[in-house]
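Here the structure comes first, spelled out in structure tokens, and everything after it is commentary.
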2 protein chains.
Amino acid sequence: MSDTTHKRWVQHSNAVLRAAGLRASAGRTAVVELLSRQSCLLTAQEIADRLREEGSAGSTATVYRALETLHELGLLRRFDAEGVARYEPVDPSGDHHHHIVLEETGDVVPFDDAELERAIAGIGQRLGLIVTSHDIILRGRLIDDPPESD
Amino acid sequence: MSDTTHKRWVQHSNAVLRAAGLRASAGRTAVVELLSRQSCLLTAQEIADRLREEGSAGSTATVYRALETLHELGLLRRFDAEGVARYEPVDPSGDHHHHIVLEETGDVVPFDDAELERAIAGIGQRLGLIVTSHDIILRGRLIDDPPESD
DNA sequence: GTTATTGCAAACAATTTGCATATAA
DNA sequence: TTATATGCAAATTGTTTGCAATAAC
């Protein structure tokens, strides 16, 4: 996400929160701020740690509560993997990406692919249902990397 | 999966386990048996409960250990969602399906879609990497269902 | 016999919750 | 003011592990 997109997401989030009757409180605001700077997956712990590092408020409980609220309001996307949840901002313009986990390193790399989106868009009709969201995680490696040999 | 496929998976699993130097022990065998009958996602707890119901061996620890082993050997697929892991057999013929979570009920329905598979198959080349596996979860509702209104 | 496997209970890790206090509106 | 938000600590939930007893091969 571009710098402008970050700001737009913060504003959008604030608007949605206000509209839901919630307040611009310190803890939640700090979480929104932090997430807006980070375009890709963060865990609750990582968020809590960083907030504490930079001196912002943010107890574990507050971070978890903020993430739950933001997720419910559709402002965050959530991924569950290996027993931990990770979150990232949802671009209000509708843009989104997916993730591929590199098997060598465990790194998570965002990607997007028009062909894939097209296929997903058609699934609803083919199966007779309304698809409201989708999560896709690929696993693989860079083409140059040697295959695993442990 | 058909009845025959179930049996094939059990046999395949047993072969792989033996090849890995592991024994045909009671607990793990019961887990394999149970999973072969259930083609779709089960949690460790569900497995442990069912085993106990039907009188088979199966402490929590054994179930978790069996699932870990089977997953490592590529015999199971694992999905993380809402803080719980779910497992299902991997069809040795390479067939696989994906899942859609119905938002009304939480039910998980398996589906597969050739178009989607085709898109995924092409992603590797388009992005310059080797995709070794993929997990896809859709969320949505049946076309007749009324949209949520809470 | 030797080595893998089991079950129990204790240990863990991620997340949630109760409650009294602080704070935005 | 008054309802929302916070922080702490305790409680839950899902999963892992140490260890002595047991079962496969």
Side-chain angles (χ1 to χ4, degrees), chain A residues 13-35 41-73 75-87 106, chain B residues 13-35 41-73 75-87 106:
Chain A
S13 299
N14 290 338
V16 171
L17 287 165
R18 228 177 299 127
L22 305 178
R23 296 173 181 178
S25 61
R28 194 165 43 218
T29 302
V31 172
V32 168
E33 241 304 304
L34 198 172
L35 276 163
L41 303 173
L42 283 181
T43 69
Q45 304 278 5
E46 286 165 350
I47 293 171
D49 290 348
R50 296 204 195 180
L51 288 183
R52 244 169 276 127
E53 275 175 31
E54 59 185 58
S56 317
S59 67
T60 328
T62 297
V63 171
Y64 278 103
R65 284 193 271 236
L67 292 173
E68 189 188 347
T69 303
L70 296 167
H71 184 237
E72 275 171 2
L73 293 173
L75 298 166
L76 293 182
R77 242 145 84 71
R78 170 186 166 142
F79 283 91
D80 282 81
E82 276 91 53
V84 234
R86 286 161 207 277
Y87 299 84
Chain B
S13 299
N14 290 338
V16 171
L17 288 165
R18 228 177 298 126
L22 305 177
R23 295 171 183 181
S25 61
R28 193 164 43 216
T29 303
V31 172
V32 168
E33 242 305 304
L34 199 172
L35 276 163
L41 302 173
L42 283 180
T43 69
Q45 305 277 5
E46 286 166 350
I47 293 171
D49 290 348
R50 297 205 193 178
L51 289 183
R52 244 169 275 128
E53 275 174 30
E54 59 184 58
S56 317
S59 66
T60 327
T62 298
V63 172
Y64 277 104
R65 284 192 272 236
L67 291 173
E68 189 187 348
T69 304
L70 295 167
H71 184 237
E72 276 171 1
L73 293 173
L75 298 166
L76 293 182
R77 243 145 84 72
R78 171 188 166 141
F79 283 91
D80 282 80
E82 277 90 53
V84 233
R86 286 162 207 278
Y87 299 83

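Quick note on labels: first sequence line is chain A, next is B, and so on, each numbered from 1.
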Nearest 0.5 angstrom please: A/L22 CG to A/R28 CZ, how far? 4.5 Å
Rounded interatomic separation in angstrom, taking CD from A/Q45 and C1' from C/dA13: 8 Å
For DNA chain C, whose closest nucleotide is more 5', that of B/G58 or that of A/T43? B/G58
Expressed in angstrom and rounded to an integer, what is the separation of B/E72 atom CD from D/dT15 atom P? 15 Å
Rounding to a whole Å, what distance do you find between B/D80:CG and D/dT13:C1'? 14 Å
For A/R23 and C/dA25, what is the distance between atoms CZ and C1' respectively, to the nearest whole Å? 6 Å
Taking atom C1' of C/dT15 as reference, at what distance in whole Å does atom CZ of A/R86 sit? 15 Å
Atom CZ of A/R78 and atom CD of A/E72: how far apart are they, to the nearest 0.5 Å? 11.0 Å
How many Å lie between CG on B/L17 and C1' on C/dA4, as a whole number? 12 Å
Which nucleotide, D/dT15, C/dG7, D/dT6, lies nearest any side-chain atom of B/A61? C/dG7
Distance below 4.0 Å between B/T62 side-chain N/O and C/dG7 OP1 or OP2: yes
I want to verify a distance call: between D/dT6, C/dT15, D/dG18, whose nearest atom is closest to the A/V84 side chain? C/dT15
So among A/L73, A/L75, A/L76, A/T29, which one has a side-chain contact (heavy atoms from CB on, under 4.5 Å) with A/S13? A/L75
Should B/L67 and B/L35 be marked as a side-chain contact (heavy atoms from CB on, under 4.5 Å) after you check the CA-CA gap, both sets of side-chain angles, and the distance that decides it? CA-CA 10 Å; B/L67 291 173; B/L35 276 163; 3.9 Å; yes
Choose from D/dT15, D/dA5, C/dG18 the nucleotide whose nearest atom is closest to any side-chain atom of A/R65. C/dG18
Quick check: on DNA chain C, is the nucleotide nearest A/L22 upstream (toward 5') of the one nearest A/G83, or the reverse? Name the residue that is more 5'. A/G83
Nearest to the side chain of A/S59 - D/dA5, D/dC8, D/dC19? D/dC8
Spacing of CD belonging to B/E46 relative to OH belonging to B/Y87, to within rounding of 0.5 Å: 12.5 Å
Quick check on C/dT6: is either OP1 or OP2 less than 4.0 Å from any side-chain nitrogen or oxygen of B/S25? yes
Can you check whether A/Y64 has a side-chain N or O nearer than 4.0 Å to OP1 or OP2 of C/dT16? no
Whole-Å gap separating P (C/dT17) and CG (A/L67): 14 Å
With DNA chain D as reference, determine whether A/G21 or B/E82 sits nearer its 5' end, using the nearest nucleotide of each. A/G21
For B/A24, report the nucleic acid contact type (base, sugar-phosphate, nothing); a contact means any heavy atom under 4.0 Å. sugar-phosphate
Measure from CG on A/L70 to C1' on D/dA5 and round the result to the nearest Å. 13 Å
Heavy atoms under 4.0 Å, any strand shown: does A/E68 hit a base, just sugar-phosphate, or nothing? nothing
